Amino acid sequence: MASSSASALAKWAAQAARGFAAAAPSGKGRKVAVLGAAGGIGQPLSMLMKMNSQVSSLSLYDIAGTPGVAADISHVNTKAQVKGYDKDGLAEALRGCDLVIIPAGVPRKPGMTRDDLFKINAGIVRDLITAVGQHCPGAILNIISNPVNSTVPIAAEQLKKMGVYDKRKVMGVTTLDVVRAKTFYAEKNGLDVSAVDVPVVGGHAGVTILPLFSQATPKATMSAEVLDALTKRTQDGGTEVVQAKAGKGSATLSMAYAAALFADSCLRGLNGAPVVECTYVESTITDAPYFASKVKLSTEGVDKIHDLGPLSDYEKAGLKAMMPELLASIEKGVQFVKSG
Ligand SMILES: NC(=O)C1=CN([C@@H]2O[C@H](COP(=O)(O)OP(=O)(O)OC[C@H]3O[C@@H](n4cnc5c(N)ncnc54)[C@H](O)[C@@H]3O)[C@@H](O)[C@H]2O)C=CC1
Ligand SMILES: O=C([O-])CC(=O)C(=O)O
């Protein structure tokens, strides 16, 4: 997000282009698990994590298909040791993990909202988080499974129930919203996308996704119509992909890329090189108890939650408009665990 993060990410991308051989920031190699590793996101994400030089051990877990994915990825000539685990291997997959990335669960089909996934994914996330609480309670969690606005509160409540909740460690991955906002803003304004930054705040569904183009850098002058169109395109980016895939799922490749960037930032933070990223966390900067904004990631996870900064009138209206849906999604997640 911030320029230090952007340059760290650019460096990482450059390393990737050279074959991922460049040195990691100082610090020990990290154990990372991907839960849902055989899925549409899980497979490319697992490969990108295998290519990350900060990873020394990579656990790939899914309810089906992991042996093949693990065998395949393990042939990539980077240092991370890869192991695949199926149904009975979750405890071992998680033991000693520094970072657990969760893309397990069903994706949308055309006509569905992310909230329509709650029925199936809420239970999947709760059960996986229970295992995390038992086997690696200190790990940083990157939650991708939708609806993120509810699955992050579910994770927090479940860990609270188990007495191992640390609000600094539980993060919903909203990086794809930032990736999209940067791409659309750069395209529209003829800018070099690698030099562009756009914070995206709120949550991760429809109107709860609020790109702050008034804070985008470099600055570009846009008409109210163009600003509105860019905002809506960012909010509907997921639906654009769901419709284009016409029943074959939602964003997987751009999501794997975004999740790999975010995981890389979490690992950099753990290794003592703090990075600022937008992510959905327990927060007090608005009326919503969970909210995505710029967050400093450091050795214990969330180190500082930045406030929103100056908003345009358009953004102030967007912030107000998202609140009923965001608060309802959070409450739905909280109640799922409390009443379960
Ligand atoms: N946060 C974000 O920005 C985004 C989130 N998503 C969400 O990510 C999730 C996954 O999407 P895809 O990879 O496309 O779906 P997919 O169906 O291709 O893969 C999901 C994987 O999860 C596995 N799985 C199901 N139950 C499991 C369990 N109990 N334990 C471990 N693994 C389990 C399945 O076997 C499958 O391999 C969906 O909920 C989707 O909505 C998708 C794109 C962006
Ligand atoms: O739209 C979906 O269902 C998947 C998702 O969260 C995204 O692509 O942003």
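When reading the values below, keep in mind they use all heavy atoms of this one structure, side chains included, and skip hydrogens, waters and symmetry mates. Index from 1, following the sequence. Quick caveat: nothing in here was measured; it's all calculated off a predicted structure. All ligand and atom numbering here is 1-based and tracks the order in the structure.
At a heavy-atom cutoff of 4.0 Å, ligand 1 is contacted by the side chain of Leu117 but not by its backbone. Both the backbone and the side chain of Asn146 come within contact range of ligand 1, each with a heavy atom under 4.0 Å. With a heavy-atom cut-off of 4.0 Å, Ile124 touches ligand 1 through its side chain alone.
Ranking the protein heavy atoms by distance from atom 8 (O) of ligand 2 puts Arg180 NH2, 2.8 Å first. Among all protein heavy atoms, the one lying closest to atom 10 (C) of ligand 1 is Pro103 O, 3.1 Å. From the protein, the heavy atom lying nearest to atom 23 (C) of ligand 1 is Asp62 OD1, 3.3 Å. At the top of the distance list for atom 3 (O) of ligand 2, counting protein heavy atoms only, stands Arg108 NE, 2.6 Å.
Proximity annotation for atom 25 (C) of ligand 1: of Val34, Val242, Ile63, Ile63 comes nearest, heavy atoms only.
Within the listing of ligand 2, atoms 5 (C), 6 (O), 7 (C), 9 (O) sit less than 4.0 angstrom from a heavy atom of His204. In summary, the atoms of ligand 2 found under 4.0 Å from a heavy atom of Gly238, numbered by their order in the structure, are 1 (O), 7 (C), 8 (O), 9 (O). Taking every heavy atom of Ala251 and a limit of under 4.0 angstrom, the matching atoms of ligand 2 come to 8 (O).
The minimum heavy-atom distance between Cys278 and Thr174, with the atom names listed, is O-OG1, 3.5 Å.
Among the atoms of Leu176, none of the N or O lies under 3.5 angstrom from an N or O of ligand 1.
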